[in-house]
Amino acid sequence: LLPKIINGGIAGIIGVSCVFPLDLVKTRLQNQQIGPNGERMYTSMLIFASIRFDCFKKTYKAEGYFGMYRGSAVNILLITPEKAIKLAANDFFRYHLRTKEGTLPMLRQMTAGGLAGFCQIIITTPMELLKIQMQDAGRVAAQAKNGLYKGIGATMLRDVSFSVVYFPLFATLNDLGPRKADGSGEAVFWCSFLSGCAAGSFAALAVNPFDVVKTRLQALTKAEGE
């Protein structure tokens, strides 16, 4: 468990640091209001799926470099226990759901992933709520007065669904690649990296509608008229 906590924590902190500005833009896009004539605050070309360059540019201009990391502190603080729970729980359920022959059918892999995602929401929900309200604070001048577990249903729907897709897909893709020459049987780094990218991208695409709902539920109290 200790190596899992350390590995998950380090990986989570690096991941948050690298992609947080894109996550902030995602939150702003998911929660932007549409005017009476269909006008939007952010427009322009798409770069990666829902990430709009216009939103990134306007946010950076208005709030500066450190403004792009608004709300990152709570993520960095809570990402270690979240990843530790998620990874350790997935390993635990994969071990106990193996058949008598020692195999793990795809349905059981999906069940293990879903149970792992369910376990993590005790940390994920308050972390996401605080993060989103901090990210949205630059757009709406208001105070958050809601409980830490507002939006837990949508968070559970997103995270359980994500883990159901992600863990089996990652394991399957990772098993297809070449192994290390040291006899450990582990996949080479580039194979694991690409497998994680592919599985994460596909899982994120699948659960994005749930993520939009979660963001709307957890956002700050709207300004007058919104």
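From a predicted model like this one, the values you see are computed outputs, not experimental measurements.
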Linking I/L/V/M/F/W/Y whenever any side-chain heavy atoms sit under 4.5 Å apart, do [X] and [Y] land together?
{"X": "Leu22", "Y": "Val212", "answer": "no"}
{"X": "Phe92", "Y": "Phe118", "answer": "no"}
{"X": "Leu205", "Y": "Val165", "answer": "no"}

Rounded distance (nearest 0.5 Å) linking atom [atom1] of [X] with atom [atom2] of [Y]:
{"X": "Leu87", "Y": "Cys119", "atom1": "CG", "atom2": "SG", "result": "12.0 Å"}
{"X": "Cys18", "Y": "Asp23", "atom1": "SG", "atom2": "CG", "result": "13.0 Å"}
{"X": "Thr125", "Y": "Met156", "atom1": "OG1", "atom2": "CE", "result": "9.0 Å"}
{"X": "Asp175", "Y": "Cys191", "atom1": "CG", "atom2": "SG", "result": "8.5 Å"}
{"X": "Ile14", "Y": "Ile76", "atom1": "CD1", "atom2": "CD1", "result": "11.0 Å"}
{"X": "Leu169", "Y": "Asn174", "atom1": "CG", "atom2": "CG", "result": "10.5 Å"}

query = What's the verdict on side chain to side chain contact (heavy atoms under 4.5 Å, CB included) for Val213 and Arg216, showing C-alpha distance, side-chain angles and the deciding distance?
reply = CA-CA 5 Å; Val213 173; Arg216 297 288 179 89; 5.9 Å; no
Of the non-hydrogen atoms in [X] and [Y], which two are nearest, and what is the gap between them?
{"X": "Phe167", "Y": "Gly113", "result": "CD1-CA, 3.9 Å"}
{"X": "Trp190", "Y": "Pro178", "result": "CZ2-CG, 3.6 Å"}
{"X": "Phe210", "Y": "Leu157", "result": "CD2-CD2, 3.4 Å"}

message = Taking side-chain contact (heavy atoms from CB on, under 4.5 Å) as the definition, give me every residue that meets it alongside Leu97, ordered by chain and number, with sequence neighbours left out.
response =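 Testing Leu97 for side-chain contact (heavy atoms from CB on, under 4.5 Å), a comparison that skips the adjacent residues, returns Phe93, Leu104, Arg108, Thr111, Ala112.
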Checking [X] side chain against [Y] main chain: does a donor-acceptor pair fall under 3.5 Å?
{"X": "Ser163", "Y": "Asp159", "answer": "yes"}
{"X": "Arg179", "Y": "Gly185", "answer": "yes"}
{"X": "Asn90", "Y": "Lys86", "answer": "no"}

query = With side chains defined as the heavy atoms from C-beta onward, is the minimum distance between Ile85 and Ile123 less than 4.5 Å?
reply =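 When only atoms from C-beta onward are counted, Ile123 and Ile85 do touch, with a gap below 4.5 Å.
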task = Run the numbers on Ile121 and Ile152 for side chain to side chain contact (heavy atoms under 4.5 Å, CB included), then give the verdict.
result = CA-CA 7 Å; Ile121 63 172; Ile152 189 172; 4.3 Å; yes
ask   = Will you find, in the side chains of Thr124 and Glu128, an N or O donor that is under 3.5 Å from an N or O acceptor?
value =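 On atom types as modelled, these side chains do not qualify, holding no pair under 3.5 Å.
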Met106 and Thr172: CA distance, side-chain angles, deciding distance, side chain to side chain contact (heavy atoms under 4.5 Å, CB included) verdict = CA-CA 9 Å; Met106 182 57 68; Thr172 300; 3.4 Å; yes
key: Phe162 and Tyr166 aromatic ring geometry - parallel, tilted or perpendicular at 30°/60° bounds   =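 Correct class here is parallel.
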task = Kindly check if the number of other-residue, nucleotide or ligand heavy atoms within 6.0 Å of CG (Leu194) is above 12?
result =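 Yes, the 6.0 Å shell around CG holds more than 12 heavy atoms from other groups.
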